[in-house]
Amino acid sequence: MAKGSSSNSKHSKARGTVKSKASKEASKQGSSAKRSGKPSEPASQGAPASANALARGAEVRHWLFKSEPDVFSFQDLQKAAGRRTGWDGVRNYQARNFLRDDCRVGDLVVFWHSNAEPPHGAGLAKVVRPGHPDPTQFVKGHDHEDPASDPADPRWMQVEIEALRAFGKPVTMEALRADPRSSGMLLLAKGQRLSIQPLTREQYELVLELGAG
DNA sequence: GCCAACGTTGGC
DNA sequence: GCCAACGTTGGC
């Protein structure tokens, strides 16, 4: 599923949810692309360097993946074959880099329902397959198709995740903000739209605690 | 439904 | 390479 897709849900039929959809691709010149090597990618900035550093350091990492429940919910994941899905549809370079470079098998994932009323953490999942090309970028007519992506050098990546368990109660932003341990969470930062976010162990544990039934 | 924040596009 | 226009994200 697409997880990344966007809000327009209409289109995204995909499974995923991420809401990122759109994609038009970016393309052109970019300039910066640093990490990957490929020439041309816009550098997305968004995430603070500290987020990258955070993700790269620890052995077990913790993540927060956003998905619009109308597009693909945690319950959809629980009902999926093998309780698994490919997290397709991510069309943002920084999020892509996390999926490609930093997510490892065994990493734990907080499944966040964005564009929900209210937005909330819904459950826990784990990464079961590391970064690999997102097949939807090559599907003609698919909402997440990216005609500019070269099959010999795919632009967009996904990981597979598997549902572990739903939270006993939804974890809201309000509940997170009320605890000082949420300090620094990208999720709570104004204007932060990144759909794949690293969490510190402390932030992750706070989410679990707040979600305990 | 609004709209601020932000990323991308593309003319120049 | 700048930057205005445009499209998207996602909380509120």
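Throughout, protein chains are lettered first and strands after them, A, B, ... in sequence-line order, and every chain is numbered starting at 1.
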Practice prompt. Rounded off to whole Å, could you give me the CD-to-C1' distance for the A:Gln192 and C:dT8 pair?
Written response: 14 Å
Worksheet entry | Atom-to-atom span, CH2 of A:Trp156 to C1' of B:dT8 - whole angstrom | 11 Å
Worksheet item: Taking CG from A:Asn115 and P from C:dC12, how many angstroms apart are they, rounded to a whole number?
Response: 12 Å
Fill in: Closest to the A:Tyr93 side chain, choosing from C:dG10, C:dC12, B:dT8
B:dT8
Worksheet item: Who pairs with A:Phe138 by ring pair (Phe, Tyr, Trp, His ring centres under 6.0 Å), at least two apart in sequence or on another chain?
Response: none
Discussion item. Check the phosphate of C:dC12 against A:Arg177, side-chain N and O only, distance under 4.0 Å to OP1 or OP2. Yes or no?
Written reply: yes
Worksheet item: How long is the line joining CZ of A:Phe72 and P of C:dG10, in whole Å?
Response: 17 Å
Fill in: ILVMFWY network linking A:Val128 to A:Ile161, side-chain heavy atoms under 4.5 angstrom
no
Worksheet item: Atom NE2 of A:His113 and atom C1' of C:dT9: how far apart are they, to the nearest Å?
Response: 17 Å
Response to the item:
Atom CE of A:Met185 and atom P of C:dG11 are separated, to the nearest Å, by 12 Å
Worksheet item: Do any side-chain nitrogens or oxygens of A:Trp112 fall under 4.0 Å of OP1 or OP2 in C:dT9?
Response: no
Practice prompt. Could you check how far CG of A:Leu176 sits from P of C:dG11, rounded to whole Å?
Written response: 12 Å
Discussion item. I need the CG-C1' distance between A:Asn92 and B:dC6, as an integer number of Å.
Written reply: 10 Å
Worksheet item: A:Asp134 and salt bridge (Lys or Arg N to Asp or Glu O under 4.0 Å): which partner among A:Arg100, A:Arg91, A:Arg96, A:Arg155?
Response: A:Arg91
Worksheet entry | Contact check, side chains of A:Met173 and A:Leu187, non-hydrogen atoms, under 4.5 Å | yes
Discussion item. When you measure from the side-chain N and O atoms of A:Lys66 to the phosphate of C:dG10, is any distance below 4.0 Å, counting only OP1 and OP2?
Written reply: yes
